[in-house]
Amino acid sequence: MIRVLLADDQPLIRAGFRALLELADDITVVGEAGNGGEAVRLCRSLRPDVALLDVRMPLMDGIQATREIGADAELAGLKVVILTNYALDEYVFAALRAGASGFLVKDIEPADLLQSVRVAARGDALLSPAVTRRLIEEYVATPPRPTPAPGLARLTDREREVLRLVATGRSNEEIAGDLVISHATVKTHVSRIMAKLLARDRAQLVVQAYESGLVTPG
């Protein structure tokens, strides 16, 4: 059973998401919060698998809440997904930097919502190739001066190659096809890269690959 926490300052939005999520036999909503601070407290007490956080909330927004969750070693297995009203806004890349596994638009189709929660729970990033390209175009096309990610020098040549492909939004299956290696081998490489870069998930790998200058837009 996937345990989900909902955080949004609008009770009607929370009620709608709860109703949709509880249609699934493998998902349960264990708590609701009306602001980011409350969301962090409930995450610590309820230990959900996935936290769906609205990006804009009073007292503490979703980005700061994501940072606090990411800084808590006891919540290392918790996946944060940011809820937004628009496919891309100025907060999305900041949320990914803060440690979010991805983001969802609030008008998402019910079936896509359920599948997205499952994807996040198993540790995959909610970043399709199309979304990754748009993030690159809008938020990474003019990055600050590259800052090498801790552990980047420890990557092997093959791991760097895999990381570059992850940063383009390719799935493990697509990377396996590109490099003519097995899916299991790709998973092993990705796990090792995440460990070396201290990344929680693939979304953070994408951010680190561009911010370090390992991959450049274009």
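What's counted below: heavy atoms across the whole structure, side chains too, no hydrogens, waters or symmetry copies.
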In Å and rounded to the nearest 0.5 Å, what is the [atom1] to [atom2] distance from [X] to [Y]?
X: Met60; Y: Arg41; atom1: CE; atom2: CZ; value: 8.0 Å
X: Ile108; Y: Phe103; atom1: CD1; atom2: CZ; value: 10.5 Å
X: Leu114; Y: Leu20; atom1: CG; atom2: CG; value: 7.0 Å
X: Leu53; Y: Ile69; atom1: CG; atom2: CD1; value: 5.0 Å
X: Leu165; Y: Leu205; atom1: CG; atom2: CG; value: 12.5 Å
X: Glu173; Y: Ser182; atom1: CD; atom2: OG; value: 11.5 Å

Looking at residues at least two apart in the chain, or sitting in another chain, which of them share a side-chain hydrogen bond (donor to acceptor under 3.5 Å, both in side chains) with [X]?
X: Arg14; result: Glu32
X: Asp178; result: Arg170
X: Glu74; result: Arg47
X: Thr188; result: none

So which atom in [X] and which in [Y] form the shortest heavy-atom distance, rounded to 0.1 Å?
X: Leu155; Y: Lys196; answer: CD2-CD, 3.7 Å
X: Leu104; Y: Ser116; answer: CD2-OG, 3.4 Å
X: Val50; Y: Val117; answer: CG2-O, 4.0 Å
X: Pro58; Y: Gly34; answer: CD-O, 3.9 Å

Please list, chain by chain and in numerical order, all residues satisfying salt bridge (charged side-chain N to carboxylate O under 4.0 Å, His left out) with [X], sequence neighbours excluded.
X: Arg44; result: Asp72
X: Arg164; result: none
X: Asp26; result: Arg118

Under the side-chain contact (heavy atoms from CB on, under 4.5 Å) test, which residues partner [X], sequence neighbours left out?
X: Ile181; result: Arg158, Leu179, Thr185, Val186, His189
X: Ala98; result: Ile63, Thr66, Arg67
X: Ala209; result: Leu163, Ala167, Val215
X: Leu59; result: Asn35

Check your understanding: Rest of the hydrophobic cluster containing Leu5 (Ile/Leu/Val/Met/Phe/Trp/Tyr, side-chain heavy atoms under 4.5 Å)?
Key -> Val30, Leu42, Leu46
Check your understanding: Just wondering, are more than 12 heavy atoms of other shown residues or ligands nearer than 6.0 Å to CD in Glu109?
Key -> no
Point to revise | Note: Glu159-Arg192 ion pair, threshold 4.0 Å (strictly below) | key: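 No, this pair does not count.
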Check your understanding: For Val166 and Ile193, what are the C-alpha separation, side-chain angles and deciding distance, and is it a side-chain contact (heavy atoms from CB on, under 4.5 Å)?
Key -> CA-CA 11 Å; Val166 168; Ile193 294 168; 5.9 Å; no
Exercise for review: Determine, stepwise, if the pair Leu83 / Ile13 fulfils side-chain contact (heavy atoms from CB on, under 4.5 Å).
Suggested key: CA-CA 11 Å; Leu83 300 173; Ile13 296 291; 5.6 Å; no
**Study point:** Gln208 side-chain N/O to Leu197 backbone N/O, donor-acceptor pair under 3.5 Å
**Key:** yes
Check your understanding: Any sub-3.5 Å donor-acceptor pair from Lys79's side-chain atoms to Ser101's backbone N or O?
Key -> no
Point to revise | Trace of the side-chain contact (heavy atoms from CB on, under 4.5 Å) decision for Asp54 with Gln10 | key: CA-CA 10 Å; Asp54 183 24; Gln10 299 183 47; 5.7 Å; no
Review point. Shared ILVMFWY cluster between Leu198 and Met194, side chains joined below 4.5 angstrom?
Key: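 Looking at the clustering, Met194 is in a separate group from Leu198.
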Check your understanding: Under a single-linkage definition using a 4.5 Å side-chain heavy-atom cutoff for Ile, Leu, Val, Met, Phe, Trp and Tyr, are Val81 and Leu23 assigned to the same hydrophobic cluster?
Key -> yes
Check your understanding: With a 4.5 Å limit on heavy-atom distance, are the side chains of Asp61 and Arg56 in contact?
Key -> no
